[in-house]
Asks: 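This is the structure I want to talk about, given as structure tokens.
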Protein chains: 2
Amino acid sequence: MSSNYEKDAKIFKALCDEKRLQILHLLKSGEKCACVLIDAMEIGQSSLSYHMKILCESGIVKSRQDGKWTHYRLSKSGSELAYNRLVDITTPNTDAKNNCC
Amino acid sequence: MSSNYEKDAKIFKALCDEKRLQILHLLKSGEKCACVLIDAMEIGQSSLSYHMKILCESGIVKSRQDGKWTHYRLSKSGSELAYNRLVDITTPNTDAKNNCC
DNA sequence: TATTCATATCGAAAAAAATTGATATGAGGT
DNA sequence: ACCTCATATCAATTTTTTTCGATATGAATA
């Protein structure tokens, strides 16, 4: 169930950078294409593309191709997975509370 | 309500590193002192201290001083704040879905 | 109060992430 | 087929994070 640290790290990496949080905030109001995000963010095109890749790999954002445009949106299932992982990671075990020293 | 990106980034920074996820996993079974974590982790003492600082600053972990030992444990309130922030960050607005292009 | 032990902090080095400018890819329009 | 536009990818650089060894701090014990 737990202990795939690499995959979990990937999920939360999406959320530990201010620029990516800002992008997520923009996506709250609905799907946006890359060009709109670039304008809103004051960020280079390749830099945005880099951040979008990290966001998509986390599962929290999904992309959709429409001709030459790429549209990005929040993913409900990805967000729910993130939430479930967060709860799992931070919930103490019910059983033995082994202490030390 | 939202848009304190710096604070949010700090919360999720705790969760985007494999070593810190491993530490959190160890804390699931109950409070542990630094010495125990160092042994369990195969990590240098100063390196553990560095990670514990990040974990504590996120609010997800709390520390307790007991003589010369420092004990660390999962914080329920810190974890709940993280859940709330995650939900807020990843929930679309109910209102206008402004699109583009 | 001198010594020892646990942990924090510091400065330097190493490693990883982010930014930049250039180029590549691939879809549409001419 | 060619050109343009939107985005992805690449290589180099800059910035940030992490690690390491050394030293500092502060509590307990002799």
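Just so it is clear: chains get the letters A, B, ... in the order the sequence lines come, proteins before strands, and each one is counted from 1. We use all heavy atoms of the structure for the numbers below, so side chains are in, but hydrogens, waters and symmetry mates are not.
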Asks: Which one of B:Arg73, B:Lys32, B:Gln22 satisfies the side-chain contact (heavy atoms from CB on, under 4.5 Å) criterion with B:Leu27?
Replies: B:Lys32
Asks: What's the CG-P distance between B:Leu37 and C:dT7, to the nearest Å?
Replies: 9 Å
Asks: Can you list the residues that meet the side-chain contact (heavy atoms from CB on, under 4.5 Å) rule with A:Glu18, with sequence neighbours excluded?
Replies: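 Applying side-chain contact (heavy atoms from CB on, under 4.5 Å) to A:Glu18 gives B:Tyr5, B:Glu6, B:Ala9.
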Asks: With the criterion being N/O to N/O and under 3.5 Å, what pairs connect the protein with nucleotides 14-16 of chain D, and how long is each?
Replies:
none

Asks: Roughly, in whole Å, what's the span from CZ in B:Arg64 to P in D:dA27?
Replies: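 Going from B:Arg64 (CZ) to D:dA27 (P), I get 16 Å.
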Asks: What's the closest nucleotide to the side chain of A:Tyr72 if the choices are D:dT7, D:dT19, D:dT18?
Replies: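 Comparing D:dT7, D:dT19, D:dT18 against the side chain of A:Tyr72, the answer is D:dT7.
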Asks: According to a strict under-4.0 Å criterion, is A:His51 in side-chain N/O contact with OP1 or OP2 of C:dT19?
Replies: yes
Asks: Kindly say whether B:Asp88 contributes a backbone atom to a donor-acceptor pair with the side chain of A:Lys28 at under 3.5 angstrom?
Replies: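 Indeed, once roles are kept as given, a pair shorter than 3.5 Å links the two residues.
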Asks: One character per nucleotide, please: for nucleotides 20-30 of chain C, 5' to 3', B when the base has a protein heavy atom closer than 4.0 Å, S when only the sugar-phosphate does, - otherwise.
Replies: BBB----SS--
Asks: Which donor-acceptor pairs under 3.5 Å do side chains of residues 49-64 of chain A form with protein atoms, sequence neighbours excluded?
Replies:
residue: A:His51; atom: ND1; partner: A:Arg20; partner atom: NH1; Å: 3.1
residue: A:Ser58; atom: OG; partner: A:Leu55; partner atom: O; Å: 2.6
residue: A:Ser58; atom: OG; partner: A:Ile60; partner atom: N; Å: 3.1
residue: A:Arg64; atom: NE; partner: A:Glu31; partner atom: OE2; Å: 3.0
residue: A:Arg64; atom: NH2; partner: A:Glu31; partner atom: OE1; Å: 2.6

Asks: Given atom CE of B:Met52 and atom P of D:dT18, what is their separation to the nearest angstrom?
Replies: 14 Å
Asks: Just by distance, with hydrogens left out, do B:Tyr83 and A:Thr90 show a side-chain donor and acceptor under 3.5 Å apart?
Replies: yes
Asks: Under 6.0 Å from the CD atom of B:Glu42, do we count more than 12 heavy atoms belonging to anything else shown?
Replies: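 Counting other residues, nucleotides and ligands, CD of B:Glu42 stays at 12 neighbours or fewer.
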Asks: Report which part of the nucleic acid A:Thr70 touches: base, sugar-phosphate, or nothing (heavy-atom distance under 4.0 Å, all strands).
Replies: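 Result for A:Thr70 = sugar-phosphate.
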Asks: Quick one: label B:Ile54 by what it contacts on the DNA or RNA (base, sugar-phosphate, nothing), any heavy atom closer than 4.0 Å.
Replies: sugar-phosphate
Asks: Think A:Lys13 has a side-chain N or O under 4.0 angstrom from the OP1 or OP2 of C:dA18?
Replies: yes
Asks: Would you kindly give the NZ-to-P distance between A:Lys19 and C:dA18, to the nearest whole Å?
Replies: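 In whole Å, C:dA18 P lies 9 Å from A:Lys19 NZ.
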Asks: Whole angstrom is fine here: how far is it from CD in A:Glu42 over to P in C:dA18?
Replies: 20 Å
Asks: Rounded to the Å, how far apart are B:Glu18 CD and D:dT17 P?
Replies: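 Answer to the nearest Å: 18 Å.
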Asks: Check the distance between D:dT19's P and B:Leu48's CG and give it to me in whole angstrom.
Replies: 10 Å
Asks: Could you give the NZ-to-P distance, from A:Lys32 to D:dA6, as a whole number of Å?
Replies: 18 Å
Asks: Atom CG in A:Leu81, atom NZ in A:Lys76: separation rounded to 0.5 Å?
Replies: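 Here the rounded value is 14.0 Å.
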Asks: Not counting sequence neighbours, which residues clear side chain to side chain donor-acceptor pair (under 3.5 Å) with A:Ser75? List them please.
Replies: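 Checked A:Ser75 against side chain to side chain donor-acceptor pair (under 3.5 Å); matches are A:Ser77.
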Asks: Can you sort out the partners of A:Ser79 under side chain to side chain donor-acceptor pair (under 3.5 Å), two or more places apart, ordered by chain and number?
Replies: none
